[in-house]
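Just below is one structure, and these are the notes that go with it.
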Amino acid sequence: MKKTAISILIAFLALSMAACSNTNSKPASSDESIVKPDEARVESDNSTVKELEESENNAVISQFEIGDIILADGSVMREADLTTIDSSNVPIAVIAGFQEDGTAFGVGVHRSDTPLQWAADDSAGYTTNFTENICIQESDFDFSGDTDGSDNWTVICTQDSEDTMDAATYYPAFYFVNTYAETYKLTGNIALGWYMPSIAELCDIYQNREAVNASLRYIYSLDGSAAMNGLETNWYWSSSQAGSEDDYAWFVHYFNGYAGECPKNFTNVHALAVRAF
């Protein structure tokens, strides 16, 4: 009887070890780097698990939806609720995407009036590799590296402190973004924080273009000077340095969503301004 029980127990242990072996040899998925709740409970104490779960919840919950219209006073409007344009509280942005931590960002309702150079031929930045701003394309709309564009201009200013003092001449596309609030008479807190999107953020805007365009065109229908008539099929600069060449930066062609690298002095690319909300 004992021998039979021992034999059964050995067989059970063998099956368990085989199951564990199969689990461990499972191909790695793209989400493997994310800490799973069960793993956190094994490796962390209860307080760490609670903080992790709260962080995950905060990243998912947002008061915004793609296509929401942000007014100058910071209030949020759905398209159906906006019936007229108040000159004292105009639309300033349309929610166009979310950061990895769940923070929403909106695209400004105006593009640059004309195409602009990322960096002029005779600027130091034209041939400078801003390594901290490099994004690497993993697939069509998937990028690794520096995907948050909010500090990219700061990096450029640090490496080229002289020419960035005259951005209008040497960095025209960035100058449009840096003076966006001044140009469109935005004041207070809402005037702060505008930047040129990274290539990852620019691709997010493209992927969400249907909802973004619907809101932009609706604003335009109420007042033709209050917003652009949709994103249209322009080429748009990102603030991301290309990894291939020092004098190249990333752009997206909104005709078909093609993301590519081109010389920073190229003169056929518009600029957009974005801001976190």
Polar side-chain atom of [X] near backbone of [Y] as donor-acceptor pair, under 3.5 Å:
X	Y	result
T183	T179	yes
D81	M77	no
S240	I199	yes
E182	K185	no
T128	A124	yes
S215	G67	yes
W153	G149	no

For the residue pair [Y] / [X], report whether a side-chain donor-acceptor contact shorter than 3.5 Å exists.
X	Y	result
N129	T131	no
E261	S244	yes
N234	Y236	yes

Is [X] linked to [Y] within one hydrophobic cluster, defined over Ile, Leu, Val, Met, Phe, Trp and Tyr using a side-chain heavy-atom separation of less than 4.5 Å?
X	Y	value
V76	L216	yes
L71	I219	yes
I66	I70	yes
Y126	F176	no
L202	V109	yes

At their closest point, which heavy atom of [X] faces which heavy atom of [Y], and how far apart are they?
X	Y	value
F251	W237	CB-CE3, 4.2 Å
A80	T83	O-CG2, 4.4 Å
A119	G125	CB-C, 4.2 Å
V177	M196	CG1-N, 3.4 Å
V252	A259	CG2-CB, 4.2 Å
G74	I190	CA-CD1, 4.4 Å

Kindly assign one of parallel, tilted or perpendicular to the pair Y184 and Y180, based on the angle between their ring planes and the thresholds 30° and 60°. tilted
Can you label the angle between the W235 ring and the F266 ring as parallel, tilted or perpendicular, going by 30° and 60°? tilted
Show the numbers, then the answer: is there a side-chain contact (heavy atoms from CB on, under 4.5 Å) between L116 and T114? CA-CA 6 Å; L116 301 167; T114 61; 3.8 Å; yes
Mind checking whether W118 and F174 have ring centres under 6.0 Å apart? yes
Is any side-chain heavy atom of [X] less than 4.5 Å from a side-chain heavy atom of [Y]?
X	Y	answer
D68	R78	yes
S198	F143	no
T154	I156	no
F105	D204	yes
Y195	S239	no
W250	Q137	yes
S123	T164	no
L231	V212	yes

If you draw the axis of the six-membered ring of Y220, does the NZ or CZ of R217 fall within 45° of it and under 6.0 Å from the ring centre? no
Can you list everything that forms a side-chain contact (heavy atoms from CB on, under 4.5 Å) with Y218? Sequence neighbours excluded, please. E79, L82, S221, L222
Would you please name every residue forming a salt bridge (charged side-chain N to carboxylate O under 4.0 Å, His left out) with D247, sequence neighbours left out? none
Go through the structure and list residues passing salt bridge (charged side-chain N to carboxylate O under 4.0 Å, His left out) with E232, not counting sequence neighbours.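 With neighbours one apart ignored, the set is R111.
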Please name the residue in the list Y254, F255, Y258 that meets the ring-ring contact (aromatic ring centres under 6.0 Å, His included) test with Y206.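 Testing each of Y254, F255, Y258 against Y206, the sole residue satisfying ring-ring contact (aromatic ring centres under 6.0 Å, His included) is Y254.
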Exactly one candidate in E245, Q241, Q117 meets side chain to side chain donor-acceptor pair (under 3.5 Å) with K264; the answer is Q241
Let me know which of N178, D160, D163 forms a side chain to side chain donor-acceptor pair (under 3.5 Å) with Y171. D160
Distance-only criterion, 3.5 Å: show the donor-acceptor pairs between side-chain atoms of residues 267-277 and protein atoms not counting sequence neighbours.
from, atom 1, to, atom 2, distance (Å)
H270, ND1, S112, O, 3.0
H270, ND1, S112, OG, 3.3
R275, NE, L192, O, 2.6
R275, NH2, N189, O, 2.9
R275, NH2, L192, O, 3.4

So which residues get pulled into I134's cluster when ILVMFWY side chains under 4.5 Å apart are joined, directly or through others? I136
If I take atom CG from residue D86 and atom CG from residue D73, how far apart are they, to the nearest 0.5 angstrom?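 It is 9.0 Å, given to the nearest 0.5 Å.
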Rounded distance (nearest 0.5 Å) linking atom CG of D151 with atom SG of C157: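 Reported to 0.5 Å precision, the distance equals 11.5 Å.
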E132 vs D146, side-chain contact (heavy atoms from CB on, under 4.5 Å): CA-CA, chis, key distance, verdict: CA-CA 7 Å; E132 292 182 46; D146 181 51; over 6 Å; no
Listing, residues 90-97 side-chain donor-acceptor contacts under 3.5 Å, not counting sequence neighbours, or none:
none

